[in-house]
Structure formats: C-alpha cells, structure tokens
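Below, each value reflects all heavy atoms present in this structure, side chains not excepted, and no hydrogens, waters or symmetry copies.
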Amino acid sequence: MAGFTNYAFRQMVRDFGGAGLLATEMVCARGFAWLDEHELEHPDRLWGVRDEPRPLAVQIWDNDPETLARVGARLAHEYGVSVVDINFGCPVRDVAERAHSGSYLLRDPERIGAIVARVVQACAPTPVTAKIRLGCTRDEIRAIEIAQIVEAAGAAALTVHGRVAQDFFRGQADWDQIAAIKPHLQRMPLIGNGDLDTVDKVVHALQHYRVDGVMIARAALGRPWLFRQVQAALRGEPVPAEPTLDEQREVLVRHFRLVLDRFGDERGTMLMRKYACCYAQGRPGARHFRTHIAHAATPSEFHAVVERHFPRSPSIAAANPSSVVGTLRVP
C-alpha cells in the first residue's frame, strides 16, 4: 500500500508474526530507472529491502515491458527479493489515468501478457506474480480472461482484488467473482483480496471460496497483530486476544522510533501522523485523538499527544479523566 507498507510497518508486522509473505509499497519502475541512470539513491520505498528478512515481495508498476523487466531483474538479482509483483490494479489517477498503468492496463489484456512474460524472463528464477482488479468497470469484468493470460505468460501466482477500478474502495468486494476465476486456471495459485478485516472473514474466505491464499491489506495498518491472530485460527489454535489499548500505544511508539531513525524528526513526525490515526481508528475517542495528532510537528509534541489523548484502558482513563472524551472501553 503506497505510503504505508514501508520497512517500519513491515517490522511491526514481523514482530507479531503470522504473515506468510510481506510486500513493499509499490515502486514506480520508471522512477527507479531514472534514479539508477543518474546514480542517485534508490527510492525510499526500497528502504530496508536489501537487508531485511525474507520472504519479501517488491511490487512494481509501469506500462513498458522493457522498463519493468530491467527493474525487476535488478530487484531479483541484486536486491535478492523473494518475489517480484506487478501491479495491474491500482485505480489512483496518477497511476491509472495519467501514467496509463495499474488498472488502466485491464483494458489491454494482451499488453498485460507481454509485460508479465518479459518480466518473468528477466527475473528467472525469482517468481513473478501479478495483482489485478476484476475489471475497469462493472460492465467490463475481464478477470477470467486476464487471469488466463497472466498464467500463460508464466506468472507464479495471481492476486485479485474483488472490486473494479471504478469502485476505488467503495462498496463491497465481490468474492463470488474472485472464486469464479479458479476453475479457469491450470496451475497458478489464486489469491483473494478485499474487505478482509477480521479473523472470521479470513477464515470464511478460505473455507467458502476457491482461493489458494488471501491478502490482507488496509485492515492491518492499525492492527499489525492481525496476521498472528489469523494464523492461530487457521491452525485451529486459540486466537490471541487484541492487545490492550495500553499495549497498542506502546506498539505505536515503537513504530514511531523506527520512522524517526530513517526520516529524521521533522519528516518522520509528519509521516507518522497518518499511521497514528490508523492505530486509533475504531477505538473510543479516535476522533478526538486525530484532531490533536494532526497538529504534532515534533517528536516531543507527538509523544505528548499520544500520552494524553490516545485511547486508554478504562482503569487508566478513570485516573486521567482530562485525557479522554466520553466513555472508553476496550474493543
């Protein structure tokens, strides 16, 4: 997820465990190539990639097979990543409409096939995967056709988000449409994605739809422990409880330290504000917390807001009534 799944966030997920394969933010292949040609530092989105634990996937996007192949080869052979993933699903205007990449390419299945085939050739033996949406619009669902083309081009797996590009993130993901793809594949694993924000939904998706795996995205931004809970449920083990609000605050602070180490005090604080809002989302007092954290400009201000306004467990809230608005409860 662009702007979120950087090294610091991935480290939070690793600390809790349970995720089978972590992925970076999507990297613009053309931008990577430009930086490379001018002997500049590679994108911030590759922060930590060389040295962090494996398995690790890097997602790239563009519309030119040769550029994607060149960058994919660098990632596979120089960075040593576990998987090179190609994004054909992003609906954001800068990617889709302006750069004619991401979900824009769902209009041109043959070009998708050419891109996948060229990147597979360049990255071998590193696996190459792809991510798509169901189509560009609800009147133009082409996921089965595209899935077959991606498989024929040599991809190792396909992830399908159960919305069309027109939806962005509105409405509900259509898991029946995802499942309908599976009978049309010969060997390639199918990974489902969309609206998997609870343990029960993940278990249901794997039990009731014909998918080989699932991808969890936005739901994990404020809950990096979700993967650990899902893993336990799938193993038939007791599901670990949600961390207490006080423990969640400690996770947020640890995450903040990693961001500061990379980006410095000013930029690190600015970047961390959006993560802090994710951690608070759905908790009692979240709106009050967001109002204050949005103005934090220094680490000391950030820590002060977290200490005073991040949702608290009931016993602490009772001892510090000025730090909360309304009644708090552990979700």
Side-chain angles (χ1 to χ4, degrees), residues 1 3-20 22 48 52-53 196-203 216-263 268-269 271-294 296 298-331:
M1 289 171 286
F4 284 97
T5 51
N6 62 21
Y7 171 78
F9 175 74
R10 297 194 299 271
Q11 190 57 47
M12 292 298 99
V13 172
R14 284 196 187 89
D15 285 349
F16 285 99
L22 298 180
E52 68 184 287
L196 298 179
D197 54 8
T198 69
V199 173
D200 288 345
K201 287 183 180 179
V202 174
V203 173
I216 300 173
R218 290 177 294 164
L221 289 179
R223 298 168 60 204
W225 48 85
L226 179 58
F227 300 96
R228 178 183 67 178
Q229 294 173 316
V230 167
Q231 183 185 62
L234 294 176
R235 289 177 173 175
E237 302 170 354
V239 176
E242 290 277 304
T244 67
L245 290 172
D246 304 320
E247 291 169 339
Q248 292 177 33
R249 186 190 308 106
E250 293 173 3
V251 173
L252 168 59
V253 171
R254 188 162 74 248
H255 190 166
F256 185 36
R257 291 194 198 104
L258 288 174
V259 173
L260 289 180
D261 287 345
R262 168 65 178 181
F263 296 106
T269 301
L271 290 173
M272 194 63 197
R273 295 190 307 204
K274 62 187 178 184
Y275 289 103
C277 292
C278 291
Y279 279 101
Q281 185 175 353
R283 281 68 166 177
R287 181 180 299 178
H288 181 74
F289 174 73
R290 288 197 303 269
T291 299
H292 287 81
I293 203 68
T298 66
S300 60
E301 291 175 359
F302 187 94
H303 284 297
V305 172
V306 170
E307 178 61 29
R308 184 171 178 80
H309 299 293
F310 189 82
R312 289 178 175 270
S313 300
S315 59
I316 295 180
N320 297 275
S322 63
S323 67
V324 296
V325 174
T327 302
L328 297 186
R329 59 179 176 81
V330 177

To the nearest 0.5 Å, what is the distance between [atom1] on [X] and [atom2] on [Y]?
X      : Y      : atom1 : atom2 : value
Arg273 : Glu301 : CZ    : CD    : 9.5 Å
Leu22  : Arg14  : CG    : CZ    : 5.0 Å
Phe9   : Phe4   : CZ    : CZ    : 9.5 Å

Grab the two heavy atoms, one from [X] and one from [Y], that are nearest each other, plus how far apart they are.
X      : Y      : result
Ala276 : Phe302 : CB-CZ, 3.9 Å
His255 : Tyr275 : CE1-CD2, 3.5 Å
Met272 : Leu252 : CE-CD1, 3.4 Å
Thr269 : Thr298 : OG1-C, 3.5 Å
Val239 : Ala232 : CA-CB, 4.2 Å
Leu226 : Ala219 : CD2-CB, 4.0 Å

List the steps, then state whether side chain to side chain contact (heavy atoms under 4.5 Å, CB included) holds for Tyr7 with Arg262.
CA-CA 10 Å; Tyr7 171 78; Arg262 168 65 178 181; over 6 Å; no
Please walk me through it: do Arg223 and Met12 pass side chain to side chain contact (heavy atoms under 4.5 Å, CB included)?
CA-CA 9 Å; Arg223 298 168 60 204; Met12 292 298 99; over 6 Å; no
Salt bridge (Lys or Arg N to Asp or Glu O under 4.0 Å) partners of Asp15, counting only residues at least two apart:
Arg254
For the backbone of Asp246 and the side chain of Arg312, can you confirm whether one donor and one acceptor N or O come within less than 3.5 Å of each other?
no
When you look at Val305 and Phe310, which way does the side chain to side chain contact (heavy atoms under 4.5 Å, CB included) test go after all the steps?
CA-CA 7 Å; Val305 172; Phe310 189 82; over 6 Å; no
Please indicate whether Gln11 has more than 12 foreign heavy atoms, meaning atoms of other residues, nucleotides or ligands, lying under 6.0 Å from its CD.
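Buried by this count: over 12 neighbours within 6.0 Å.
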Parallel, tilted or perpendicular: rings of Trp225 and Tyr279 (30°, 60°)
tilted
Say whether Gln229 and Glu242, considering side chains only, have a donor N or O and an acceptor N or O under 3.5 Å apart.
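There is such a pair between these side chains.
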For Thr198, side-chain hydrogen bond (donor to acceptor under 3.5 Å, both in side chains) partners two or more places apart
none
Please report the C-alpha distance between Arg283 and Gln248 in whole Å, then the side-chain angles of each, then the deciding distance to 0.1 Å, and finally whether the side chain to side chain contact (heavy atoms under 4.5 Å, CB included) criterion is met.
CA-CA 11 Å; Arg283 281 68 166 177; Gln248 292 177 33; 3.0 Å; yes
Please examine the side chains of Val251 and Pro243, heavy atoms only from C-beta on, and report whether any two atoms are closer than 4.5 Å.
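When only atoms from C-beta onward are counted, Val251 and Pro243 do not touch, as no gap falls below 4.5 Å.
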